[in-house]
Amino acid sequence: MKNYIKLIVFVLLMFFGNSCEEFELTSSVSSTITEENLLSNIDFADKAVIAIYSNFANFAMLTRNYQHFFSDTDIEICLADSYLDQTAHYYLLAENRLVDQVWTYFYQAIEAANILIDNLPKSALWNGPDQNKARRYYGEAITLRAFCYFHLMMWWGDLPFFTTATQGDSDFYPPKTDRDEIYEYLIKELKDIEDYMPWMGGSDDMLTTERVTKGFVKGLRAKMALCYSGYSLRNKTFETRRGRKWQEYIQIANQECKEIMESGIHNMNPSFENHFRWLHADKMDMTFKETIFDLGVTKNRGAGHFGLIIGMDFQNIYKYGINRHTSLIRTTPVYYYSFDKKDLRRDISCELYHYYNTNGKQTIQGNHCGNFALTKWRKNWCEPLFTGITGSNLGVNVPIMRYTEVVLMFAETENEINGPTAEAKEALASVRRRAFPSELWPEKVDHYVDSVSTSKENFFNAIVDERAWEFGGEMLRKWDLIRWNILGPKLREFKENMLHLINDDDPKYAHVPTYIFYKYQDDDETIEILNKDYRLPSTEIPGYTRATWISLMSTSNRNTWNNVYFVRFSRGYDETKNNHLFPISNIQITNSRGAWENDQIP
């Protein structure tokens, strides 16, 4: 018996779902739709793939909750403590509606993928004149399904695992499948479809970062294999351990990264700043192709929360739009001062100023340290600019993978397998070359890489640091720390460093100013800071405004950090339990009638 109702719902989703592309229904949909005629032409198959993507653009999914679900690290923090912000900490309750929303939308996307995966190979398209496109769409569905399960496993551990579309007699609440088994199945499946997928730019309709290409298939396969090889909390036993075949799978990650690098398709934009500016200008970089995959969103809609939930504050600034724009996911001066002062990435990733006045001028951060933003996302970089009172959401695509992550995954896996080889060193060096002016390469690149390559352990620690400096604010850090099994130590280290910075009692922060001296440039908007990285006497300097800095924080603000912020930071996390997984919602637990339980929560 054909599952007519499910297919009709799916077709409606294809045409009316929140999509990253716009479609207009110009003819009526047949009242009787079957698997055979659902995919009767290549345009319908394309829309079926878009229906999968459409789930990710939902407000409750990656565009809104992505930042919260991957927050509370030594870089990305959430100092709020509302019902919504539970997802940014470690005490998330099973009755929180966001838990059920994200779970439901991911499984909705999986079901949409399964329908296509089940039926496309049986359709006339599979061996017809559009067979190459049909196989590409099939590969997209396989990849997006793996992408969904990958996120679900990161957040919930073992899962109900559906590899076919549900039918009337399906078990809607099967027992959970061990995540190792799921990883192994999906990683093999991604290998099987690699040859179906063209590289970015391989055809006229693949000049986009918003559709899956061969680079992302290989990159996702590498990332999943790397996470499988790393550590995670296990259901029922509550042990923290690696995947059962981790040595084999780290080889897979290494090989996939190597093949992407050797292809020459993807490269680094020579300018770290320009890479992020182009994202704000809706420019898909087909020259360097640093972005391997991102999720497309539309400007000024509920979907575009990069730059709103996270990004530079623009509070009451008419010039760039005054709608609520105070970021919820922030960072601290500990992150800012962890960078080498010559690192060009620092003042892109985290600035010492924000926009906080109606006069439209930049304002120096307050020394209370509660407003430090992650500033790769900025309203004033948007093209065209938002003006008037609109422009709450920037419509900046959700970043998923860029080429530098592949390069650093290669360096990491090469070191794990063979130690700090010449290939591993060159991969690390290539990322650092962009981070520093060429005249500093002998010291900041060559000498630095040699100095951290004296042992496998030292090189690994350098990778931990480099990923922090390269990807801050892109929400990769939490799962990095988890898979490395250093989440607890890094959370403790952050708290200790923040206290040292506030109290001015550690020599490593001796260069942090007690007073900041700044002035406005000729445009009367942008700030020039004289001494970001060294101390000056407290006496006034002609032409500059003096502001007290971190160590001169008021007693009141110190008390706020000690009694409020430090309490909220990593709230609920118990290092002895490593309780980083989320509960399945009460709704799902109840509906499963005993088939599922929260056996991932120690």
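Just the heavy atoms: all of them, side chains too, but no hydrogens, waters or symmetry mates, feed the values below.
Remark: the Asn269 side chain and the Ser271 side chain contain no N/O donor-acceptor pair separated by less than 3.5 Å. Side-chain atoms of Asp313 and Ser327 include a donor-acceptor pair closer than 3.5 Å. Looking only at atom types and distance, the side chain of Asn235 has a donor-acceptor partner in the side chain of Arg179 under 3.5 Å away. Between the side chains of Thr104 and Gln101, no donor-acceptor pair of N or O atoms lies under 3.5 Å. Residues Ser338 and Trp469 have side chains that bring a donor and an acceptor to within less than 3.5 angstrom of each other.
Note that OH of Tyr90 is 14.5 Å distant from CD of Gln86, once rounded to the nearest 0.5 Å. Summarising the geometry, atom OH belonging to Tyr228 is positioned 12.5 Å from atom CZ belonging to Arg221; distances are rounded to the nearest 0.5 Å. Atoms CZ and CG, from Arg330 and Asn371 in turn, are 4.5 Å apart once rounded to the nearest 0.5 Å. Distance check, rounded to the nearest 0.5 Å: OH of Tyr573 to CZ of Arg492 gives 9.0 Å. Interatomic distance, NE2 of His68 versus SG of Cys78, reported as 4.5 Å (0.5 Å rounding). Distance check: Tyr105 OH to Asp100 CG gives 10.5 Å after rounding to the nearest 0.5 Å.
In this structure a side-chain-to-backbone donor-acceptor pair under 3.5 Å is present from Gln362 to Ile527. Remark: side-chain polar atoms of His580 are paired, donor with acceptor, to backbone N or O of Leu233 under 3.5 angstrom. Remark: side-chain polar atoms of Asn55 are paired, donor with acceptor, to backbone N or O of Ile52 under 3.5 angstrom. With hydrogens and angles disregarded, no donor-acceptor distance shorter than 3.5 Å links the side chain of His89 to the backbone of Tyr91. A donor-acceptor pair under 3.5 Å links the side-chain atoms of Ser229 to the main chain of Trp246, judged by distance alone. With hydrogens and angles ignored, the 3.5 Å screen pairs no side-chain donor or acceptor of His280 with any backbone N or O of Lys379. A donor-acceptor contact shorter than 3.5 Å links the side chain of Arg378 to the backbone of Thr375. Here the side chain of Asn579 pairs a donor or acceptor atom with the backbone of Asp574 at under 3.5 angstrom.
Taking the six-membered ring for Trp and the full ring otherwise, the centers of Phe314 and Tyr356 sit at least 6.0 Å from each other.
Partners of Asn586 under the side chain to side chain contact (heavy atoms under 4.5 Å, CB included) rule, at least two apart in sequence or in another chain, are Ala94, Glu95. Every residue two or more places apart in sequence or in another chain was checked for a salt bridge (charged side-chain N to carboxylate O under 4.0 Å, His left out) with Arg546, and none qualifies. Considering only residues two or more places apart in sequence or on other chains, Ser349 meets the side chain to side chain donor-acceptor pair (under 3.5 Å) condition with none of them. For Glu412, the salt bridge (charged side-chain N to carboxylate O under 4.0 Å, His left out) partners at least two apart in sequence or on another chain are Arg483. With sequence neighbours excluded, the residues forming a side chain to side chain donor-acceptor pair (under 3.5 Å) with Arg346 are Tyr336, Asp533, listed by chain and number. Scanning for side chain to side chain contact (heavy atoms under 4.5 Å, CB included) contacts around Thr548 gives Asn367, Tyr515, Leu552, with sequence neighbours left out. With sequence neighbours excluded, the residues forming a side chain to side chain contact (heavy atoms under 4.5 Å, CB included) with Ile589 are Ile584, Trp596, Asn598, listed by chain and number. Partners of Glu273 by salt bridge (charged side-chain N to carboxylate O under 4.0 Å, His left out), not counting sequence neighbours, listed by chain and number: Arg277. Residues passing the side chain to side chain contact (heavy atoms under 4.5 Å, CB included) test with Leu499, sequence neighbours excluded: Asn503, Asn562, Phe566. With sequence neighbours left out, Arg97 forms a salt bridge (charged side-chain N to carboxylate O under 4.0 Å, His left out) with no residue at all. Under the side chain to side chain donor-acceptor pair (under 3.5 Å) criterion, Asp178 pairs with no residue, sequence neighbours left out. For Thr590, there are no side chain to side chain donor-acceptor pair (under 3.5 Å) partners, not counting sequence neighbours.
Residue Met553 forms a side chain to side chain contact (heavy atoms under 4.5 Å, CB included) with just one option from Leu501, Thr560, Ile502, and that option is Ile502. No option in Trp156, Tyr183, Tyr149 other than Tyr149 meets the ring-ring contact (aromatic ring centres under 6.0 Å, His included) test with Phe161.
Using bins of under 30°, 30° to 60° and over 60° for the plane-to-plane angle, the ring pair Tyr353/Tyr355 lands in the perpendicular bin. Between Phe70 and His151, the ring-plane angle classifies as perpendicular under the 30° and 60° cut-offs. The aromatic rings of Phe56 and Phe147 sit perpendicular to each other, their planes meeting at more than 60°, with 30° as the lower class boundary. The aromatic rings of Tyr53 and Phe293 lie tilted to each other, with the angle between the two planes from 30° to 60°.
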Stepwise, does the side-chain hydrogen bond (donor to acceptor under 3.5 Å, both in side chains) test hold for Thr73 with Glu76? CA-CA 5 Å; Thr73 71; Glu76 298 101 352; 3.1 Å; yes

Show your working on side chain to side chain contact (heavy atoms under 4.5 Å, CB included) between Thr404 and Met268 and close with a plain yes or no. CA-CA 7 Å; Thr404 44; Met268 281 181 269; 3.3 Å; yes

Tell me, with the steps shown, if Glu597 and Lys236 meet salt bridge (Lys or Arg N to Asp or Glu O under 4.0 Å). CA-CA 10 Å; Glu597 58 181 337; Lys236 297 181 180 179; 5.5 Å; no

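Classification of Asp72 and Lys478 as a salt-bridged pair fails, no side-chain N sitting under 4.0 Å from a carboxylate O. Salt-bridge formation is detected for the pair Asp180/Arg241: a Lys NZ or Arg NE/NH1/NH2 atom is positioned less than 4.0 Å from an Asp or Glu carboxylate oxygen. Classification of Glu470 and Arg467 as a salt-bridged pair fails, no side-chain N sitting under 4.0 Å from a carboxylate O. We find that Lys361 and Glu525 are not joined by a salt bridge, their nearest charged nitrogen and carboxylate oxygen being 4.0 Å or further apart. Under the 4.0 Å criterion applied to side-chain N and carboxylate O atoms, Arg345 and Asp343 are assigned as salt-bridge partners. Salt bridge present: Glu474 and Arg402 bring a charged side-chain N and a carboxylate O closer than 4.0 Å. Taking 4.0 Å as the cut-off between side-chain N and carboxylate O, Asp599 and Lys176 count as a salt-bridged pair.
When side chains are defined from C-beta on, Ile77 counts as touching Thr332, because their heavy atoms get closer than 4.5 Å. By the 4.5 Å heavy-atom criterion applied to side chains, Phe150 and Lys223 are counted as neighbours.
The environment of Glu575 atom CD is dense: over 12 non-hydrogen atoms of other residues, nucleotides or ligands sit within 6.0 angstrom. More than 12 heavy atoms of other residues, nucleotides or ligands sit less than 6.0 Å from atom NZ of Lys508.
Shortest non-hydrogen contact noted between Pro583 and Leu92 is CG-O, 3.3 Å.
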